[in-house]
There are 4 protein chains.
Amino acid sequence: MPEPSGVGRPRDVRRDAAIHEAALALLTEVGYDQLSIEAIAARAGVAKTTIYRRYRDKAALVAAAVEQRQGSAPPEPVAGGLRENLLAVVGWLAREIEEQEIGLLGALFAGMRGDARLADEMRRILRRDQAAMTDRLPGEELAPGAAELFAEVAPAVIVHRIVFAGERCDERFVRHLVDDILFPLLRKGIQS
Amino acid sequence: MPEPSGVGRPRDVRRDAAIHEAALALLTEVGYDQLSIEAIAARAGVAKTTIYRRYRDKAALVAAAVEQRQGSAPPEPVAGGLRENLLAVVGWLAREIEEQEIGLLGALFAGMRGDARLADEMRRILRRDQAAMTDRLPGEELAPGAAELFAEVAPAVIVHRIVFAGERCDERFVRHLVDDILFPLLRKGIQS
Amino acid sequence: MPEPSGVGRPRDVRRDAAIHEAALALLTEVGYDQLSIEAIAARAGVAKTTIYRRYRDKAALVAAAVEQRQGSAPPEPVAGGLRENLLAVVGWLAREIEEQEIGLLGALFAGMRGDARLADEMRRILRRDQAAMTDRLPGEELAPGAAELFAEVAPAVIVHRIVFAGERCDERFVRHLVDDILFPLLRKGIQS
Amino acid sequence: MPEPSGVGRPRDVRRDAAIHEAALALLTEVGYDQLSIEAIAARAGVAKTTIYRRYRDKAALVAAAVEQRQGSAPPEPVAGGLRENLLAVVGWLAREIEEQEIGLLGALFAGMRGDARLADEMRRILRRDQAAMTDRLPGEELAPGAAELFAEVAPAVIVHRIVFAGERCDERFVRHLVDDILFPLLRKGIQS
DNA sequence: AAATAACCGAGACGGTACGTCAAGTCTTGAG
DNA sequence: CTCAAGACTTGACGTACCGTCTCGGTTATTT
């Protein structure tokens with residue numbers, strides 16, 4: 001993509017916003033592979049060329065749209081022990097993924113084939129929140145390496161449930177995930 | 001799909017095979033969303049009609065092809081304790097997923113939107129091996145509910161690693177998964 | 001263009017007709033360079049691909065449409081001498097060119113660049129009527145080589161008048177062309 | 001087009017020249033309907049705006065470029081009779097047309113539809129040289145009205161040969177045109 | 001000297017049409 | 001009824017130019 005070089009008429013940022021908005025809306029409405037540039041352009045009230053000037057293809061557009069979107073912030077550490085904080089963070093994560101990441105996951109799966117660059121981009125985005133997320137856990141109760149373990153297991157199980165089991169991540173599931181999996185794994189002094 | 005009713009010229013089973021073969025080959029070559037019925041027909045040396053007579057659309061075809069494909073069987077239980085058997089089963093699972101399920105995952109993600117029927121179909125297929133798989137684990141060392149936990153965690157972490165981390169599932173990772181996650185979770189008498 | 005090979009569903013001849021009709025109509029309405037395949041398809045009630053299956057591009061389509069179109073037949077030889085027959089034939093030719101060849105001329109000029117094949121095609125079409133035309137002239141009054149001379153001069157002057165002078169070819173002009181140019185040139189025994 | 005009013009920064013005449021040059025070069029290279037303003041601007045090293053400030057559209061630009069281009073002057077009258085002068089003038093005319101008018105003709109045909117103003121402009125340009133041309137012919141040998149007849153027939157037959165017959169205008173053709181057509185028509189005392 | 005007015009390059013923008021591709025349906029003729 | 005071949009409609013693709021419109025910056029003339 002030819003980056004805007006500063007000379008010439010500057011790009012209209014309202015168009016960027018409109019495109020992102022339309023893309024995200026349609027993404028959640030129809031899913032990734034039913035998503036068409038044509039429809040995004042129409043919804044955004046923008047010419048197709050205006051999109052193609054910015055993004056090489058659908059994958060790049062979705063990546064940008066998702067990156068720019070700001071999800072809600074991870075919850076502040078709460079009073080109480082590790083378990084309470086795990087419940088808070090996992091609950092937040094489950095909602096976050098459930099709400100809008102699904103379309104993104106489709107983009108990732110569908111697009112990473114034949115476009116390693118996109119795959120990397122996606123992974124970068126996905127990792128973005130992880131640091132902030134694991135910071136919320138109280139260090140003193142954690143086993144060594146627990147943060148990595150959390151990032152490895154928690155999103156995996158949540159995504160797996162949503163996509164492969166096709167079930168919601170309700171309160172009960174969050175408690176199950178914390179009590180039966182994460183808490184035993186992460187708390188200090190349990191490693192065999 | 002109009003099931004063949006028995007009268008008239010019978011369907012040529014060699015065509016079914018050729019179609020499946022071509023579909024799976026192209027699936028791993030180009031990925032799900034670059035997969036075209038047109039190309040499958042060409043590769044299989046078969047008319048498009050012959051495919052549409054059998055499957056409603058691309059999703060159904062892929063589902064059938066994946067279902068019919070026989071992966072290698074899960075390993076027999078080995079002498080030794082739970083850990084050895086976990087290593088064997090997880091190693092097999094990782095190879096299985098790594099080798100060819102990726103295209104299927106793309107299909108699942110991309111297709112489940114707007115086609116709940118397909119999603120269910122896919123889930124049914126995915127669950128098929130799980131029973132056989134968990135049967136391989138020695139019951140006497142397992143905590144109660146361990147089989148479900150295994151099915152919930154192991155594939156999730158493997159898929160997550162491949163897709164989101166974009167890393168291989170080598171021997172080292174398998175040991176890590178078993179020793180740091182599965183073994184602590186599943187062995188009898190560890191539940192708090 | 002892949003010629004239809006006989007096997008498979010045959011092309012629908014009514015579509016050919018509709019396409020030709022729409023092309024000729026739009027050609028005379030808007031001219032060659034304002035002519036779009038898209039509009040032809042819409043007018044003919046036919047998909048764009050159905051046109052592109054038959055013709056490589058606009059030029060080829062116009063060539064075919066013009067070729068297929070049957071203009072009126074040249075007039076029968078009339079009683080009377082050479083001059084009367086010349087008047088009849090030239091009058092017919094002028095009307096023929098004036099009515100609908102103009103768009104074709106545009107196609108020819110615009111398209112022969114970069115497509116020698118089309119140019120040849122066009123020339124073939126243009127020459128088609130000439131033989132029939134010159135047959136109408138009474139041989140016994142003609143100087144040797146008069147038929148070639150007629151074909152060389154008469155269409156040239158008519159086209160030149162329409163296009164370059166931008167004037168109609170009325171009765172007066174036809175008489176002028178015959179009396180002042182063609183008759184002196186073609187009648188036997190005048191060669192110096 | 002807003003004519004430059006004298007105040008403000010004056011237009012850069014070198015740009016006019018560059019635009020004309022590029023236009024004519026591309027015109028002969030790719031033909032009229034493959035000619036794009038975008039390409040002309042690129043070739044001339046000039047912004048599109050700079051062209052659109054001067055010309056309403058492609059047709060106007062081509063018209064101006066062709067008008068400004070100076071072809072070679074018609075030959076001086078030579079010693080000898082009418083035939084020799086005809087040979088000289090027709091030879092010059094054939095070369096002139098053959099060399100570079102073809103693209104112009106395409107412009108004319110393609111553009112006169114829907115732009116009568118352009119057509120008139122073109123005709124004006126085409127007629128420009130005719131007066132000078134016919135002045136070269138020795139009046140005393142000419143039949144009355146011969147100049148008009150020459151202008152009517154000679155360019156017509158030349159253009160027709162190039163475009164419709166697709167053949168070169170070599171020495172032989174020039175002699176044929178003069179001896180078999182123009183000389184008999186134009187010389188004094190031959191009119192029946 | 002400043003103000004004004006037009007020129008200029010660069011490129012965004014909404015459009016229109018291009019020519020291609022694949023989807024899924026339909027039609028023919030042969031088996 | 002199956003099958004191969006291929007026509008057909010539909011709809012999106014990504015590209016190319018169109019002609020218009022900002023921008024920032026550059027000359028000239030006019031005040």
Side-chain angles (χ1 to χ4, degrees), chain A residues 2 4-13 15 34-42 45-58, chain B residues 2 4-12 15 33-42 45-58, chain C residues 2 4-13 15-16 34-42 45-58, chain D residues 2 4-12 15 34-42 45-58:
Chain A
S5 70
V7 327
R9 175 176 174 178
R11 290 191 184 157
D12 188 337
V13 284
R15 258 109 191 172
Q34 293 297 334
L35 185 65
S36 77
I37 301 268
E38 210 109 35
I40 296 173
V46 143
K48 240 192 330 172
T49 40
T50 299
I51 294 181
Y52 280 111
R53 191 173 298 113
R54 291 163 163 76
Y55 310 105
R56 189 212 317 265
D57 52 20
K58 188 166 66 165
Chain B
S5 70
V7 312
R9 173 175 171 178
R11 287 188 186 161
D12 187 339
R15 256 113 194 166
D33 75 328
Q34 294 297 336
L35 184 66
S36 76
I37 300 268
E38 213 109 48
I40 294 173
V46 143
K48 257 196 309 177
T49 328
T50 302
I51 293 181
Y52 280 109
R53 193 172 295 115
R54 289 163 163 76
Y55 310 105
R56 188 209 325 245
D57 53 20
K58 185 165 69 164
Chain C
S5 70
V7 22
R9 176 175 173 179
R11 290 191 183 155
D12 188 337
V13 284
R15 259 118 189 162
D16 293 84
Q34 293 296 336
L35 185 65
S36 78
I37 300 268
E38 210 110 35
I40 295 172
V46 143
K48 243 194 325 173
T49 37
T50 299
I51 294 181
Y52 280 109
R53 190 173 300 112
R54 291 163 162 76
Y55 310 104
R56 189 213 319 262
D57 54 18
K58 187 165 68 163
Chain D
S5 71
V7 319
R9 174 178 173 179
R11 290 188 185 157
D12 187 339
R15 259 123 191 155
Q34 293 296 335
L35 184 65
S36 77
I37 300 267
E38 211 109 40
I40 294 173
V46 142
K48 252 196 315 176
T49 329
T50 303
I51 293 181
Y52 279 109
R53 192 173 295 113
R54 290 163 162 77
Y55 309 105
R56 188 212 323 246
D57 54 17
K58 185 165 72 164

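Every chain is numbered from 1, with letters handed out A, B, ... down the list of sequences.
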For the side chain of [X], counting heavy atoms from C-beta on, which of [options] is nearest?
X     : options               : answer
D/E38 : E/dG19, F/dA7, F/dC17 : F/dC17
D/D12 : F/dG11, E/dC8, E/dA12 : E/dC8
C/R53 : F/dT2, F/dA7, F/dT10  : F/dA7
C/P4  : F/dG6, E/dG19, F/dA7  : F/dA7

Heavy atoms under 4.0 Å, any strand shown: does [X] hit a base, just sugar-phosphate, or nothing?
X     : answer
C/T49 : base
B/S36 : sugar-phosphate
B/T50 : sugar-phosphate
D/G45 : sugar-phosphate
B/R15 : sugar-phosphate

Rounded to whole Å, how long is the line connecting atom [atom1] of [X] with atom [atom2] of [N]?
X     : N      : atom1 : atom2 : result
A/Q34 : E/dA23 : CD    : C1'   : 11 Å
B/I40 : F/dA4  : CD1   : P     : 15 Å
A/I51 : E/dG15 : CD1   : C1'   : 14 Å
C/R11 : F/dA5  : CZ    : C1'   : 13 Å
B/Y52 : F/dT2  : OH    : C1'   : 18 Å

Checklist entry - Want to settle it: does B/R9 or D/I37 sit nearer the 5' end of DNA chain F, counting the closest nucleotide to each? => result B/R9

Item to check | Closest-nucleotide 5' rank along DNA chain F - winner of A/A39 and C/R54 | outcome: C/R54

Checklist entry - Hey, are C/D16 and C/R11 close enough for a salt bridge, meaning a charged N less than 4.0 Å from a carboxylate O? => result no

Item to check | B/A41 versus B/A47, closest heavy-atom pair with distance | outcome: CB-C, 4.3 Å

Checklist entry - Which atom names give the shortest non-hydrogen contact between C/D12 and C/R15, and what distance separates them? => result OD2-NH1, 2.6 Å

Next on the checklist: So for A/K48 and E/dG15, does any side-chain atom that can act as donor or acceptor lie under 3.5 Å from a complementary atom in the base?
Outcome noted: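 Check fails, no donor-acceptor contact within cut-off.
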
Checklist entry - Heavy-atom distance under 4.5 Å between the side chains of B/I51 and B/K48, does that happen here? => result no

Checklist entry - When you match C/K58 and A/V13 each to their closest nucleotide on DNA chain E, which lands nearer the 5' end? => result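 First, find each residue's nearest nucleotide; the 5'-ward one identifies A/V13.
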
Next on the checklist: Rounded at 0.5 Å granularity, tell me how far OH in D/Y52 sits from CG in D/D57.
Outcome noted: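 One gets 8.0 Å once the value is rounded to the nearest 0.5 Å.
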
